[in-house]
Amino acid sequence: MESSVELQAPMAFLQIWAWLAAILIIGAVFLQIFFRVRRARAGQVPRKIRIRKPPAKMLPEIKERYLRELFDVEGALGREEITVRQAFQTLSAIIRNFVFEVTGIRVQNYTLYEIRQLNMPRLTKLIEEYYAPEFARSTRMKGFASIERTRGVITRWY
């Protein structure tokens with residue numbers, strides 16, 4: 001039986017789908033690279049950080065409050081009511097909250113890398129000092145010297 005319709009080979013249809021799949025895969029890879037590069041470049045742009053100063057009358061009160069907190073940590077550490085690790089965690093919270101209160105920069109949520117970008121060398125040095133004992137299971141550091149350095153940073157601020 002003869003037919004006027006000619007049939008195409010089955011592979012003729014599969015080539016179209018293979019080409020479309022290849023184009024979609026290449027497009028997806030290109031978009032992935034494009035957005036990753038774009039995100040990396042966006043992260044490199046330094047953000048403008050506004051540092052605000054508290055009123056001159058309030059600064060001594062703020063310093064006094066945080067110095068009292070340091071005194072409490074020092075006493076608790078001396079009486080062995082807290083571990084050295086807890087002392088360093090508390091020191092980190094104290095200095096971060098102090099800097100937030102006197103500058104308005106939310107350093108409580110910043111990583112060490114982000115703190116380095118702030119260009120505040122005294123704060124960076126303290127946070128670097130706290131990092132190892134703060135996250136270690138145990139440490140040989142005593143903590144009293146770090147408390148004294150933290151006290152010095154707070155008293156000499158501005």
Side-chain angles (χ1 to χ4, degrees), residues 19-158:
W19 281 105
L20 283 174
I23 290 170
L24 286 174
I25 290 171
I26 291 170
V29 169
F30 173 76
L31 288 173
Q32 188 71 251
I33 292 170
F34 174 76
F35 284 114
R36 286 181 187 233
V37 168
R38 187 173 161 192
R39 185 182 309 158
R41 285 186 184 157
Q44 292 174 353
V45 176
R47 294 182 301 208
K48 182 83 171 179
I49 297 176
R50 290 184 37 198
I51 297 176
R52 66 162 174 82
K53 291 185 177 183
K57 290 187 243 176
M58 289 184 62
L59 188 59
E61 295 172 16
I62 294 170
K63 286 181 178 183
E64 184 61 35
R65 185 166 11 106
Y66 285 99
L67 290 172
R68 271 195 310 268
E69 287 184 32
L70 283 176
F71 183 76
D72 293 343
V73 170
E74 188 174 35
L77 185 61
R79 294 185 300 275
E80 296 183 358
E81 294 173 356
I82 59 174
T83 64
V84 175
R85 181 179 184 199
Q86 291 170 327
F88 277 100
Q89 289 171 343
T90 306
L91 285 175
S92 181
I94 288 171
I95 195 66
R96 287 170 185 256
N97 289 330
F98 172 76
V99 170
F100 168 67
E101 199 163 334
V102 296
T103 65
I105 301 171
R106 294 190 174 280
V107 292
Q108 306 97 314
N109 307 329
Y110 281 22
T111 63
L112 179 58
Y113 175 78
E114 293 168 324
I115 290 173
R116 283 186 184 126
Q117 304 307 310
L118 293 175
N119 197 22
M120 293 181 176
R122 291 182 290 181
L123 175 64
T124 303
K125 188 174 180 181
L126 281 177
I127 298 298
E128 284 174 346
E129 183 178 324
Y130 301 158
Y131 251 54
E134 185 178 4
F135 294 108
R137 290 185 189 267
S138 63
T139 182
R140 292 177 181 241
M141 294 184 75
K142 298 291 183 207
F144 295 106
S146 294
I147 292 171
E148 196 56 42
R149 280 188 283 280
T150 306
R151 185 176 287 123
V153 168
I154 290 174
T155 55
R156 288 188 299 271
W157 196 273
Y158 292 129

Would you say Arg36 has more than 12 foreign heavy atoms packed within less than 6.0 Å of its CZ? no

Donor-acceptor pair, Glu61 side chain versus Met58 backbone, under 3.5 Å? no

For Tyr131, give me all partners under ring-ring contact (aromatic ring centres under 6.0 Å, His included), at least two apart in sequence or on another chain. Phe135

Pairs satisfying salt bridge (Lys or Arg N to Asp or Glu O under 4.0 Å), at least one member in residues 145-158, at least two apart: Glu74-Arg151, Glu129-Arg149, Glu148-Arg151

Interatomic spacing from CD1 in Ile154 to CD in Glu69 - rounded to 0.5 Å: 8.5 Å

Is there a side-chain contact between Leu77 and Ile147 (heavy atoms, below 4.5 Å)? yes

What's the shortest heavy-atom distance between Ser146 and Phe88, and which atoms? OG-CE2, 3.3 Å

Going through the distances and angles, do Val153 and Leu123 end up as a side chain to side chain contact (heavy atoms under 4.5 Å, CB included)? CA-CA 8 Å; Val153 168; Leu123 175 64; over 6 Å; no

Measure the shortest side-chain to side-chain distance between Leu70 and Leu91 over non-hydrogen atoms and say whether it is less than 4.5 angstrom. yes

Could you check whether any side-chain N or O of Ser92 sits under 3.5 Å from a backbone N or O of Gln89, counting only pairs where one atom can act as donor and the other as acceptor? no

When rounded to the nearest 0.5 angstrom, what is the spacing between CD in Gln117 and OG1 in Thr111? 8.5 Å

When you compare the side chain of Ile127 with that of Tyr110, does any pair of heavy atoms fall below 4.5 Å? no

Is any side-chain heavy atom of Glu128 closer than 4.5 Å to a side-chain heavy atom of Leu112? yes

Rounded distance [0.5 Å steps], OG1 in Thr90 versus CG in Asn97: 11.0 Å

Where Met120 and Thr103 come nearest, the two heavy atoms and their spacing: CE-CG2, 4.2 Å

Which of Phe100, Tyr66, Tyr130 passes side-chain contact (heavy atoms from CB on, under 4.5 Å) with Ile95? Answer is Tyr130

Of all heavy-atom pairs linking Pro54 and Val102, the shortest is CD-O, 3.0 Å

Could you tell me if the side chain of Phe98 sits less than 4.5 Å from the side chain of Lys63, heavy atoms only? yes

How far apart are the closest heavy atoms of Thr124 and Arg116, and which atoms are they? CG2-CG, 3.5 Å

Check whether more than 12 heavy atoms from other residues, nucleotides or ligands sit under 6.0 Å from atom CZ of Phe144, and answer yes or no. yes

Kindly state each residue pair satisfying salt bridge (Lys or Arg N to Asp or Glu O under 4.0 Å) with at least one member in residues 87-106, sequence neighbours excluded. Arg65-Glu101

Donor-acceptor check, side chain of Arg39 to backbone of Phe35, threshold 3.5 angstrom: yes or no? no

Mind checking whether Trp157 and Ile62 have side chains closer than 4.5 Å, heavy atoms only? no

